Chemist: 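Got a structure for you, questions after.
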Amino acid sequence: MTRDAGWATSPPMITTRFAPSPTGRLHIGNLRAAMLSWLTARKGGGCFILRIDDTDAERSKEEYVDAAKADLTWLGLEWDRYERQSERMARYEAVAQQWREMGRLYACYETPTELELRRKRQLSMGKPPVYDRSALNLTKDQIAAYQAEGRRPHWRFKLDQERVEWEDQIRGHVSVDCASVSDPVLIRDDGGFLYTPCSVVDDIDMEVSHIVRGEDHVTNTATQIQMIRSLGAEPPTFAHHSLLVGATGEALSKRLGSLSLASFRERGVEPMALLSLMARLGTSDPIEPRRERQALAEGFDISRFGRAPARFDEAEIDRLNASILHETPYEEVANRLQAAGVHDEIAEQLWLAVRGNLGQFADIETWAKIVAEGATPDIAPEDAEFIPQALALLPEQPWGETAWKDWTDKVKAETGRKGKALFMPLRKALTGQERGPEMAALMPLLRPPKG
RNA sequence: GCGCCCUUCGUCUAGUGGUUUAGGACGCCGCCCUUUCACGGCGGUAACACGGGUUCGAAUCCCGUAGGGCGUACCA
């Protein structure tokens with residue numbers, strides 16, 4: 001598929017896809033693949049496909065399909081097109097038949113146990129555990145015997161024993177020798193299609209131009225390129241990103257449960273904190289807190305990602321989360337404040353006074369409560385006499401902009417206290433907290449403490 | 001076991017033989033702001049995994065060692 005300059009007056013449309021299998025919740029590793037695919041499409045004004053890889057009827061669950069959509073929607077990673085592989089079985093069947101006719105797909109009768117044994121034997125002899133293609137040499141009688149036994153065949157794609165090479169947008173020049181790769185099983189003995197053929201057929205049919213996925217697919221890519229070419233199509237552009245590892249460098253697969261997107265949501269993480277990290281982690285570009293998805297797409301360049309595994313540190317999320325909150329204007333959270341039960345009359349003032357001290361949005365509730373009900377004062381033993389004395393000097397309500405200064409000036413004059421010894425006890429008496437917003441800004445919203 | 005990939009400040013990384021006293025971001029530390037903490041602003045600290053080569057000269061090239069990731073499925 002070569003394009004001449006005259007025809008390609010506009011750049012070719014970029015199409016990417018994210019293809020999760022609904023066998024579990026989406027986790028942070030999935031997000032990396034989804035996010036990079038989404039950004040690749042969005043940056044070029046292209047098309048992002050959400051494709052549910054649900055060909056395995058046994059393990060796929062509808063609840064996970066819904067959950068994946070909910071997770072992506074929560075993050076704002078909207079898709080332009082939605083596909084389900086389970087609805088395309090007839091198409092895969094047709095391609096399989098085409099491959100059979102071409103002699104590229106052949107029936108095998110080994111059981112999983114037999115294959116396992118054979119691999120072990122090869123390993124113990126110091127040989128790579130590559131399928132030996134013995135099914136290709138089966139006689140008619142042997143096949144008949146297997147069938148009489150009730151064995152159903154599984155089907156393998158016959159690889160050309162050649163070196164497959166491509167220019168990967170992240171990994172550079174990649175070369176895989178297919179002579180050292182087993183012919184991939186495409187169809188199981190129960191007739192079910194595996195991931196590989198469906199993916200290949202879909203990517204061709206849906207005109208996917210850029211496949212962005214984890215490096216665990218690098219070897220697959222070689223076999224997929226052969227399949228794509230066997231169908232007369234041109235392989236798309238590939239970008240295989242490194243996988244994430246934990247904060248201490250351990251493989252992330254061990255703790256994916258605690259790293260589900262749902263768990264981040266439940267913990268009160270802002271979607272943009274997650275996206276800000278994922279869009280830049282692994283590049284040398286600064287990981288900046290962003291509130292706009294499009295801003296992330298504009299500075300995005302897939303080729304800036306490195307090949308080394310990147311550490312995912314949850315503390316980074318918390319920092320980004322806080323920074324994002326600190327600079328979020330009132331208009332963007334007005335609805336959420338209302339939902340949190342903050343009175344409209346004070347919502348904006350409260351937000352502007354308190355946002356700089358929030359680690360997560362829900363922290364606003366603490367301050368809303370203090371403002372609405374008054375705080376339970378926190379009085380250190382050494383301030384037991386000082387606080388009642390100071391409270392007696394509190395100005396008349398309503399407290400205005402100068403209330404804090406008026407009060408502290410007065411208390412200072414009466415008691416001779418100054419500096420931290422003056423301000424900290426007053427802060428703790430009024431808010432019950434030892435850290436918090438600028439008191440001058442907060443005081444007009446406060447009321448005298450309880451008790 | 002074998003194959004592929006990776007290893008620069010605590011973290012993400014720039015760097016493709018001299019322009020490097022190895023750059024940036026985050027963290028950390030300090031200072032400033034605030035007659036308090038936090039928030040914010042400014043500045044500083046800090047690294048080429050190890051061992052051999054090649055070269056006038058190596059973070060950069062080669063070999064080896066160690067460590068890590070991935071693959072080697074009738075998973076994706």
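Computed from a predicted structure; not experimentally measured. Sequence lines set the chain letters: A, B, ... in the order given, protein chains first and strands last, and positions in each chain run from 1.
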Chemist: Checking A:Trp399 now: which residues fulfil ring-ring contact (aromatic ring centres under 6.0 Å, His included) with it, not counting sequence neighbours?
Modeler: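 Scan of A:Trp399 (ring-ring contact (aromatic ring centres under 6.0 Å, His included), adjacent residues dropped) gives none.
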Chemist: What are the atom names and distances for every N/O pair under 3.5 Å that joins the protein to nucleotides 40-44 of chain B?
Modeler:
none

Chemist: Once each nucleotide of nucleotides 23-32 of chain B is scored for protein heavy atoms under 4.0 Å, what B/S/- sequence comes out, 5' to 3'?
Modeler: -BSSS-----
Chemist: Is there a residue in residues 30-40 of chain A whose heavy atoms reach under 4.0 Å of RNA chain B, and which residues are they?
Modeler: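 The answer is none.
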Chemist: Could you tell me which residues satisfy ring-ring contact (aromatic ring centres under 6.0 Å, His included) with A:Tyr146, sequence neighbours excluded, listed by chain and number?
Modeler: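 Only A:Tyr109 meet the ring-ring contact (aromatic ring centres under 6.0 Å, His included) criterion with A:Tyr146.
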Chemist: What N/O pairs connect the protein and nucleotides 46-50 of chain B at under 3.5 Å? Give each pair on its own line.
Modeler:
none

Chemist: Partners of A:Asn220 by side chain to side chain donor-acceptor pair (under 3.5 Å), sequence neighbours excluded?
Modeler: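 By the side chain to side chain donor-acceptor pair (under 3.5 Å) rule, A:Asn220 matches A:His217.
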Chemist: Listing request: all side chain to side chain donor-acceptor pair (under 3.5 Å) pairs with a residue in residues 414-440 of chain A, at least two apart in sequence or in separate chains.
Modeler: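 Residue pairs with at least one partner in residues 414-440 of chain A: A:Asp383-A:Arg417.
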Chemist: Got a sec? Which of residues 422-431 of chain A come in under 4.0 Å of RNA chain B, heavy atoms?
Modeler: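 Hits under 4.0 Å, by residue number: A:Phe423, A:Met424, A:Arg427.
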Chemist: Mind running a 4.0 Å heavy-atom check of residues 383-392 of chain A against RNA chain B and sending the residues that fall below it, in number order?
Modeler: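 The answer is none.
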Chemist: For A:Tyr92, check ring-ring contact (aromatic ring centres under 6.0 Å, His included) against everything at least two apart and list the hits.
Modeler: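 Once residues adjacent in sequence are excluded, the partners of A:Tyr92 under the ring-ring contact (aromatic ring centres under 6.0 Å, His included) criterion are A:Phe193.
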Chemist: In terms of the nearest nucleotide of RNA chain B, which residue is placed more toward the 5' end: A:Val218 or A:Gly436?
Modeler: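 On the 5' side of the pair lies A:Val218.
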Chemist: Going 5' to 3' through nucleotides 71-76 of chain B, assign each nucleotide B (protein heavy atom under 4.0 Å from a base atom), S (under 4.0 Å only from sugar-phosphate atoms) or - (no protein heavy atom that close).
Modeler: SSSBSB
